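Sequence lines set the chain letters: A, B, ... in the order given, protein chains first and strands last, and positions in each chain run from 1. If you're wondering where the values come from, they're calculated on a predicted model, not measured in any experiment.
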Number of protein chains: 2
Amino acid sequence: MGKSMMNHTGTDCRRQILDASLPLFARKGYAATSVREILDAAGITAPTLYYYFGNKEGLYLNLMQTHCAMIDEALSAYTDDAVGATQRLKNLVDKIFQLVIEDKDFFRLMFADYYGPSESAPYCDYISCHVKFHAAIRKILEEGMRSGEFQPGNAGHMTWMIRGVVQLAMEEQIKEDREKIDRKGLQSILDLILDRLSRPSKADATVHSERKSFQGG
Amino acid sequence: MGKSMMNHTGTDCRRQILDASLPLFARKGYAATSVREILDAAGITAPTLYYYFGNKEGLYLNLMQTHCAMIDEALSAYTDDAVGATQRLKNLVDKIFQLVIEDKDFFRLMFADYYGPSESAPYCDYISCHVKFHAAIRKILEEGMRSGEFQPGNAGHMTWMIRGVVQLAMEEQIKEDREKIDRKGLQSILDLILDRLSRPSKADATVHSERKSFQGG
DNA sequence: GTCTATAAACTGATAGAC
DNA sequence: GTCTATCAGTTTATAGAC
């Protein structure tokens, strides 16, 4: 009694498990999410899960690696033929920010795994994701310097600066409750940075208009 | 047999529990750290822990709130009579960065609680910490603009920019393995930002020297 | 205050039928 | 492939002696 319907679709139990487990993991974390909760949410029984994934750890790794590969691929496939480095950088940041919004649960878990207690979840390698993003930013910055669009300077440090504000925006976006920085907010902040990074003479076509002409102190 | 010595000091079992639990929580997270592990590490038995803290959640909250109050107080007590806004901002960031280094375990847990899965650990309110830091940065930026040391602009956005890079530096510092941004690195990046934020004529006394005189494109 | 001993519930996981 | 039934180990927590 109680359990009235069991799963007999026969085709995509696997998907159901993956789809049901992600939001649970994202809300309670790996350790606090029990196998039974996943089973109930997916509407299947234990042996099915163990048949497909071996154990809880296997499920988690499979889940995270799949999403990680998706992001990885989206970033690799991303090309942009915008004219200026400024615009290309803005487009890239917007792209990754949208990926985050579309896959919040995964990114919350990824950041938790990456920056949180190391032994709270099975080890999963997210380095390729991070490196790809970091390198893409840096590449555009260097191109912009070479072309004279940006002031020359330490591209490595500038990359960390950009990544810092983007990371903070992503983390604030990922939180359930209030959202402190939305897409528009990040764009504004990025405009501010790029405005200060650009050579005055090449003030780009966008409308940020806040730059005051330099006047002696 | 096996357990040869039990605790009979009679005075500071409480401290032992707190001191033993923090690194465990920081390494394995709240959910994956069992009460028994804490007991073994502290060299005491279960009833002692429950006597002082009621339950596991009570221990965690007590631990985190104590450290949170420490940071809170350190930030409130912090004053700086440096002359320029640039220097005051650098000092403030350096101060908080040192607090992080000195209490890595707490900050790793705080960030995990704040940005990670919401139900993976008992709820603890860290907002005062965040707000204090955010407001302190903003205050200095506004003072710098008023005095003409910084270019005028959106102080709110600039605050997020600064906080972004500082947050990223803290998170990278907190990770166990490789450290990507150390104290010197953060200082360099901050110099870069402040250099671009300052009015050209007031180029400050530090040695960053990377600014090129503005030349037409 | 701190211990010994133990309980009740839950955990991840498996054997074996169909 | 998916189920029923069940296990052995671990978990948080407490009763009661000293």
task: Please name all residues satisfying ring pair (Phe, Tyr, Trp, His ring centres under 6.0 Å) with B:Phe106, sequence neighbours left out, ordered by chain then number.
output: B:His67

- prompt: Base, backbone or nothing for each nucleotide of nucleotides 11-18 of chain D, written B, S, -, heavy atoms under 4.0 angstrom, 5' to 3'?
  reply: BBBBB---

field: Interatomic distance where OH belongs to A:Tyr51 and P belongs to C:dA13 [whole Å]
entry: 18 Å

query: At under 4.0 Å, does any side-chain N or O of B:Tyr52 touch on OP1 or OP2 of C:dT2?
result: yes

Distance in angstrom units between B:Arg15 CZ and C:dG1 P, rounded: 17 Å

task: Would you list the pairs meeting salt bridge (charged side-chain N to carboxylate O under 4.0 Å, His left out) in which at least one residue belongs to residues 59-87 of chain B, sequence neighbours left out?
output: B:Asp72-B:Lys132

- prompt: Between A:Ile17 (CD1) and C:dA13 (C1'), how many Å, whole number?
  reply: 14 Å

statement: Residues at least two apart in sequence or cross-chain that pass side chain to side chain contact (heavy atoms under 4.5 Å, CB included) with A:Ala112, listed by chain then number, are B:Pro117

message: Checking B:Asp125 now: which residues fulfil side chain to side chain contact (heavy atoms under 4.5 Å, CB included) with it, not counting sequence neighbours?
response: B:Tyr123, B:Ile127

field: Check: B:Tyr60 ring centroid to B:Phe25 ring centroid under 6.0 Å
entry: yes

task: Measure the distance from CD1 on A:Ile38 to P on C:dC10 and round it to the nearest whole Å.
output: 17 Å

message: Please tell me if A:Thr45 has a side-chain N or O lying less than 4.0 Å from either OP1 or OP2 of D:dT4.
response: no

message: Taking ring pair (Phe, Tyr, Trp, His ring centres under 6.0 Å) as the definition, give me every residue that meets it alongside A:Tyr51, ordered by chain and number, with sequence neighbours left out.
response: none

task: Can you tell me the distance, in whole Å, between the NZ atom of A:Lys28 and the P atom of C:dT11?
output: 8 Å

task: Could you tell me the separation between the CG atom of A:Leu49 and the P atom of D:dT4, rounded to a whole number of Å?
output: 15 Å

